[in-house]
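Structure first, commentary second.
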Amino acid sequence: MVKSMFSGIAGLRAHQQKMDVIGNNIANVNTYGYKAGRVTFKESIYQTTSSSSNGNDIFGGSNPSQVGYGSQVGTVDLMFSNGAYAPTDSAMDCMIDGQGFFIVGPKNPDGIALDGATPEEVSQALSGTYLTRVGNFAFDGDGYLCDGSGNVVYGYGIRDDGTTNRDVLVPLRVPYVDESGIIDSSNPPADTSTPMKLNSVSISKTGEVVGNDSDGESRTVGMISLANVPNPNALEKTQGPYYSIRENTGFVLPYEPGKGTTGKIVNYGLEMSNVDLAKEFSEMITTQRGFQANTRIISVTDEMLQELVNIKR
């Protein structure tokens with residue numbers, strides 16, 4: 001009889017965890033780039049009271065008898081369907097129209113070598129960065145392209161001849177110029193050099209960060225890279241809109257936007273949360289009723305135990 005009490009308690013815990021996820025989804029209904037969570041249940045352990053047996057010349061076979069101990073949370077998955085486009089007034093705001101993640105993280109002047117590196121080596125190197133779907137970018141005082149939390153954005157730099165350098169993944173930075181206005185290609189730049197002043201900076205569909213210098217000449221700062229994650233559900237959420245690369249994600253590799261199954265970039269907007277309020281409210285109702293049903297199991301079991309105790313008065 002006490003088994004039903006334990007089953008009810010297990011059911012309460014499982015439904016409470018599901019309600020926690022639903023509450024987090026609703027709380028982030030207006031959070032840019034948020035991906036809704038989903039809880040699945042699974043059966044808990046079973047006690048086998050009798051095992052199955054084969055038949056013989058006299059008797060037939062018998063099936064096993066098992067008593068379960070309730071339910072428990074099986075998985076908490078992230079739904080990586082695209083959120084809607086939320087228009088903004090900034091040309092530096094961008095969303096990914098499709099799969100992929102922006103690569104951001106701490107400054108690494110040497111970058112991540114791609115030429116000659118194996119997929120495993122590149123994926124291992126990217127584990128020191130963060131992935132995000134929120135593209136609210138701007139240049140800081142040192143000329144680095146950063147997100148809203150100060151993490152630098154990684155992509156492909158521009159060579160002196162104006163071509164894109166796809167051999168290494170680097171933090172994107174505005175070119176530095178010396179006192180004569182000549183581009184300083186040294187790394188790091190000289191102390192007397194300053195970031196080039198650019199106007200009308202925007203981000204194209206293919207990730208090029210382009211602006212106009214003081215002479216009105218178009219300058220390409222670099223190309224934003226997108227990470228392709230074979231198994232995004234293996235990513236681990238960290239604080240804010242960031243994901244960390246963990247085991248079972250597969251080889252996480254950088255690509256130009258629109259290549260390697262990644263989507264293209266749409267500027268003047270950010271990606272809205274993909275939370276469906278109608279679905280969340282319906283899930284809330286069924287979860288509440290499931291919670292109530294499990295409380296009834298506990299209360300009815302308690303009444304049965306009380307009747308058992310009252311036999312001897």
Side-chain angles (χ1 to χ4, degrees), residues 32 88-96 101-115 125-126 128-227 240-242 254-257 265-270:
Y32 290 126
T88 67
D89 296 327
S90 175
M92 299 293 288
D93 287 342
C94 51
M95 68 166 282
I96 303 172
F101 296 84
F102 297 111
I103 305 171
V104 300
K107 297 176 183 177
N108 181 2
D110 296 330
I112 299 173
L114 302 178
D115 186 35
L126 284 176
T129 63
Y130 299 112
L131 305 182
T132 180
R133 293 279 300 185
V134 182
N136 56 332
F137 302 140
F139 289 107
D140 68 359
D142 294 327
Y144 284 100
L145 183 64
C146 302
D147 66 4
S149 298
N151 290 299
V152 296
V153 181
Y154 279 78
Y156 306 109
I158 302 299
R159 296 188 178 95
D160 294 338
D161 59 2
T163 60
T164 303
N165 183 5
R166 296 175 176 82
D167 295 338
V168 61
L169 203 66
V170 296
L172 296 183
R173 192 179 192 182
V174 172
Y176 269 56
V177 294
D178 60 18
E179 297 175 347
S180 302
I182 300 175
I183 293 180
D184 183 0
S185 302
S186 59
N187 186 19
D191 294 337
T192 56
S193 299
T194 57
M196 179 184 294
K197 293 181 173 59
L198 296 178
N199 301 313
S200 303
V201 182
S202 62
I203 301 174
S204 69
K205 291 182 179 181
T206 52
E208 289 95 349
V209 183
V210 183
N212 297 326
D213 61 16
S214 56
D215 297 328
E217 184 178 351
S218 178
R219 297 280 187 175
T220 300
V221 176
M223 177 187 291
I224 294 175
S225 176
L226 299 182
Y242 303 116
Y255 289 93
E256 299 176 29
I265 292 177
V266 182
N267 66 349
Y268 280 103
L270 297 172

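When reading the values below, keep in mind they use all heavy atoms of this one structure, side chains included, and skip hydrogens, waters and symmetry mates. Being a predicted model, the structure only gives us computed values, none of them experimental.
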Hey, does [Y] have a side-chain heavy atom less than 4.5 Å from the side chain of [X]?
X: D147; Y: Y130; value: no
X: S204; Y: V210; value: no
X: N136; Y: Y32; value: no
X: M92; Y: L145; value: yes
X: F137; Y: L172; value: no
X: Y176; Y: M196; value: no
X: I103; Y: L131; value: yes
X: D167; Y: L114; value: no

Identify the two heavy atoms, one from [X] and one from [Y], that lie closest to each other, and give their separation to 0.1 Å.
X: P257; Y: I265; answer: CG-CD1, 3.9 Å
X: T88; Y: G269; answer: OG1-N, 3.5 Å
X: S200; Y: N212; answer: CB-ND2, 4.0 Å
X: V134; Y: P241; answer: CG2-CB, 3.6 Å

Neighbour count >12 (heavy atoms, 6.0 Å) for atom NZ, K107: yes
Nearest 0.5 Å, what's the [atom1]-[atom2] distance between [X] and [Y]?
X: I203; Y: C94; atom1: CD1; atom2: SG; answer: 4.0 Å
X: R173; Y: D140; atom1: CZ; atom2: CG; answer: 8.0 Å
X: E208; Y: I224; atom1: CD; atom2: CD1; answer: 9.5 Å
X: F102; Y: I96; atom1: CZ; atom2: CD1; answer: 4.0 Å

Got a donor-acceptor contact below 3.5 angstrom from the S225 side chain to the Y255 backbone? yes
So does F101 get a backbone contact from the side chain of R133, meaning a donor-acceptor N/O pair under 3.5 Å? no
Could you walk me through whether L169 and L126 satisfy the side-chain contact (heavy atoms from CB on, under 4.5 Å) test, starting with their C-alpha distance in whole Å, then the side-chain angles of each, then the deciding distance to 0.1 Å, before giving a yes or no? CA-CA 10 Å; L169 203 66; L126 284 176; 3.9 Å; yes
Knowing that exactly one of L198, V174, I158 qualifies, which makes a side-chain contact (heavy atoms from CB on, under 4.5 Å) with R219? L198
Just distance, no hydrogens or angles: give the donor-acceptor pairs under 3.5 Å from side chains in residues 150-157, sequence neighbours left out.
{"unit_1": "N151", "atom_1": "ND2", "unit_2": "Y242", "atom_2": "OH", "d": "3.0"}
{"unit_1": "Y154", "atom_1": "OH", "unit_2": "P106", "atom_2": "O", "d": "2.6"}
{"unit_1": "Y154", "atom_1": "OH", "unit_2": "N108", "atom_2": "N", "d": "3.2"}

